[in-house]
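Every heavy atom of this structure was used, including side-chain atoms; hydrogens, water molecules and symmetry mates were not. Predicted, not measured: the structure shown is a model, and the values here were computed from it. Below, read A as the first sequence line, B as the second, and so on, with proteins coming before strands; counting in each chain starts at 1.
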Number of protein chains: 4
Amino acid sequence: MAAVRGNGDKRKRILDAAVVEIARRGYYNTTVAMIARRAGVADGTIYLYFENKDAILFALFDRAMSRFIEKGRAQIPQQLGAEHKLRRIIELHLELVGEDRDLAIITQVELRHSLHFMGQLSRNQVRDYLGIIADVVAQGQAEGAFTPEAEPLLAAKAIFGVLDEMATDWILSRRNTRLESKAEAVAGLILGGIRLRA
Amino acid sequence: MAAVRGNGDKRKRILDAAVVEIARRGYYNTTVAMIARRAGVADGTIYLYFENKDAILFALFDRAMSRFIEKGRAQIPQQLGAEHKLRRIIELHLELVGEDRDLAIITQVELRHSLHFMGQLSRNQVRDYLGIIADVVAQGQAEGAFTPEAEPLLAAKAIFGVLDEMATDWILSRRNTRLESKAEAVAGLILGGIRLRA
Amino acid sequence: MAAVRGNGDKRKRILDAAVVEIARRGYYNTTVAMIARRAGVADGTIYLYFENKDAILFALFDRAMSRFIEKGRAQIPQQLGAEHKLRRIIELHLELVGEDRDLAIITQVELRHSLHFMGQLSRNQVRDYLGIIADVVAQGQAEGAFTPEAEPLLAAKAIFGVLDEMATDWILSRRNTRLESKAEAVAGLILGGIRLRA
Amino acid sequence: MAAVRGNGDKRKRILDAAVVEIARRGYYNTTVAMIARRAGVADGTIYLYFENKDAILFALFDRAMSRFIEKGRAQIPQQLGAEHKLRRIIELHLELVGEDRDLAIITQVELRHSLHFMGQLSRNQVRDYLGIIADVVAQGQAEGAFTPEAEPLLAAKAIFGVLDEMATDWILSRRNTRLESKAEAVAGLILGGIRLRA
DNA sequence: GATGAATGAGAGTTCATTCAT
DNA sequence: GATGAATGAACTCTCATTCAT
């Protein structure tokens, strides 16, 4: 009965161990043996659950991005106005990244690095995420709340860039501030820009 | 004189070779031998100019960021108004990144990765760059052109994030568009934000 | 009764699977898991029937050589003259080897390899086979049909060598000829030698 | 000056070490580290001279077969009659194989094994050798010394089979007899066959 | 008896670095 | 200064074997 848990459990334990180790040392400086030791399994066991070392990293991305998109879908009501939705996205993004520093290091630092050299597998999910933001921008333009001059996808990338930089900055500066605390100010900048309004 | 140039020449050739190889394969998948071969020197010669493999990467960052800041200083007149300065920074950033795709890959992809795992050496220069942008923001607020609500360093990070994402997106999508062509639209977003002006 | 058959059945299925896999890939490139999969049993089940991987190979040789000697005994009447017996042996050898290419590969290629490195277990049976041929040679000499100069065991080895090379050649050249078709010519050579008779 | 020797020397030392180790344990039970240790070089050095472990085995075959064919060419005068030539081939074959037991083990046991599973690379040289014997058979038929009934290539294979079996038998029986001592008797069998002459 | 997930020793191979020339 | 052959530690991955179920 509980046996079924054993399987999922072990895969999860390997991924959890991988997050910690890779966040701490980077993908290339983390050995499979390190992950195995932290997960409490034998080296060979890793290969029962993942085809090779790369596959662990991909699985990590998958899991992280899925959680991201899923939480976004669950916590942003469809019927909300675009500005509220955008504010919510900004809050959620910073919240989720801020929740698990190790995972954040991986998505901000390793993901970026690997996207380019390990194929495009994971870029698709970033694209999905950008698509969600772009939809909100388009909605805002339809509502007459957002400037019609902005190309939605370009705006989405800009927004993502701001959020991403906040996250990266938070990781690289090892201070102990809460990432979410910036949400209000960031939302102000994104919505209002930097130029003084007449 | 010629001797010194010969010397500097070899160091430069190694760095130039490193840019190409590392951009193509990533730092960890590039061997010292590959760099040596492209530079046209013996493997051992590398170690006459660099203490170890990591040192090559650091030198690469140094050179790239120095060029960046230097060009910025040279091409943005001090007496310009803040908005013009900011527009010029945006143009220059996209221009410079767009000029050398190999170098761009390294600064966008490898730099970020290394910042975290190889110590703070290079982070300082990013900080310098953010400082320059922050100064322009502060200048704009003093001039009454920019919103006084924005904390200059935070705004600088947001601006950097937008530019950085544009650059990263340009690299990851292997399309043949010119990166500079986005400058106008990006400047619009950064200055005016996304919310429709009254 | 059915239980016993079920048992023998599983052992047989494992050996049959082993023949195919080992013939295809060689002993060292065949994993126990491959054999188990083809046999339709679990990996662990193999070890209920064989002490270890080597034991499978030994059992294979045993089975093959037993069939060989057994068929020889059954199909070569004791009262036959030596020359007829020898012709029959030549035919039978080529026939049997030619019947099952997979098994032939194992006896020609793997057996030889293992004879040397896995102990003498199987060499005994080759010796038995050589003994049978040597007896026929001696019988021929007693009958006055074969040359008395030839030392029977040496002659037996020479005969075996010819047959063995024919078999090996047939396996290594992947042509689709029938091995038995060479029997007549081979018998001629063995009996008459290569020198023209006066 | 002597430096040039260093290179050829090292490659030779590796091959010599490989012969001993592989003959003793078989190819698959010999590790690269074992060969390196016996050769007195570091593990990694092996890979400066050979692409991978397989390449060592191939090089061994090449060297062995080249020596074989070369010695054959050097020591068998073209103008000899076919029977003398054939006797000389038989002597030389047994002599050469008998000279270096380790090498013999490899050619008789490992060659055979690998021919089938590692591609056909080396089979070509066996074919060359068979061709040489076949030519002698054809010469003998032209001279009217050998029976015209025998197809030369088939006869060559039969002869090779006899020689090969003698060699294999000599290796597998660990007795201390000299292999060459059988040459006379073997030649008699090959030339005269087993049937008593009228 | 049968299973197959788990083990962990051990394999081949790579590559940053050194140093005799 | 320049070379590049040599090093050997360290990596990823495989697979015969075990044992709890």
- Short side-chain N/O contact from D:Tyr49 to OP1 or OP2 of F:dA5, under 4.0 Å: no
- Whole-Å distance, D:Asn29 CG to E:dA9 P, equals 19 Å
- Query: Where the side chain of A:Val32 is concerned, which of E:dT17, F:dT12, F:dT7 is the nearest nucleotide?
  - Reply: F:dT12
- Task: Take atom CZ of D:Arg13 and atom C1' of F:dA6, then tell me their distance rounded to the nearest Å.
- Result: 11 Å
- Note on the structure: Residues A:Ile105 and A:Ala23: closest non-hydrogen pair is CG2-O, 3.7 Å
- Task: Kindly point out which of E:dA5, F:dT7, E:dG1 is positioned nearest to the side chain of C:Leu48?
- Result: E:dG1
- Task: Quick one: pull up OG1 in C:Thr30 and CD in C:Glu110 and give me the separation to the nearest 0.5 Å.
- Result: 7.5 Å
- Message: Looking at D:Lys53, I'd like to know whether one of its side-chain N or O atoms comes within less than 4.0 Å of OP1 or OP2 on E:dT13.
- Response: no
- Task: Would you indicate what C:Thr45 reaches in the nucleic acid, counting non-hydrogen atoms under 4.0 angstrom: base, sugar-phosphate, or nothing?
- Result: base
- Task: Round to the nearest Å and state the distance from C:Phe50 atom CZ to F:dT17 atom C1'.
- Result: 16 Å
- All side chain to side chain contact (heavy atoms under 4.5 Å, CB included) counterparts of B:Val19, not counting sequence neighbours: B:Leu60, B:Arg63, B:Asp102, B:Leu103, B:Ile106
- Rounded to the Å, how far apart are B:Glu21 CD and E:dC15 C1'? 15 Å
- Item | Nucleotide nearest C:Tyr47 (side chain, heavy atoms from C-beta), chosen from E:dT7, F:dT17, E:dT3 | F:dT17
- Figure out the CD1/C1' separation between A:Ile35 and F:dC13, and round it to whole Å. 14 Å
- Picking from F:dT12, F:dT7, F:dT17, which would you name as closest to the side chain of D:Val41? F:dT7
- CZ-CD1 distance between D:Arg13 and D:Ile35, expressed to the nearest 0.5 angstrom: 14.0 Å
- Whichever of B:Thr31 and D:Met34 has its nearest DNA chain E nucleotide further upstream toward 5': D:Met34
- Could you tell me the separation between the CZ atom of C:Arg37 and the P atom of E:dT3, rounded to a whole number of Å? 14 Å
- Message: Between P on F:dT12 and CD1 on A:Ile22, what's the gap in Å once rounded to a whole number?
- Response: 11 Å
- Item | Those residues that, when tested against A:Asn29, pass side-chain hydrogen bond (donor to acceptor under 3.5 Å, both in side chains) (two or more places apart) | B:Tyr28
- When the nearest nucleotide of DNA chain E is assigned to C:Asp43 and to B:Gly44 on a heavy-atom basis, which residue is associated with the more 5' position? C:Asp43
- Query: How is the base pairing of DNA chain E summarised as a dot-bracket string, given the Watson-Crick and G-U wobble criteria with both distances under 3.5 Å, [ ] for crossing and | for another strand?
  - Reply: .||||||||||||||||||||
- Correct closest heavy-atom pair for D:Ala59 and D:Arg11 would be CB-NH2, 3.9 Å
- Should A:Lys10 be listed as having a side-chain N or O under 4.0 Å from OP1 or OP2 of E:dA6? yes
- Message: Counting only heavy atoms not in C:Arg37 (residues, nucleotides, ligands), do more than 12 fall under 6.0 Å from its CZ?
- Response: no
- Message: Looking at C:Asp54, is its backbone amide N or carbonyl O close enough to the side chain of C:Tyr27 to form a donor-acceptor pair, meaning the two atoms are under 3.5 Å apart?
- Response: yes
- Here the distance between atom P of F:dC11 and atom CD1 of A:Ile46, to the nearest Å, is 14 Å
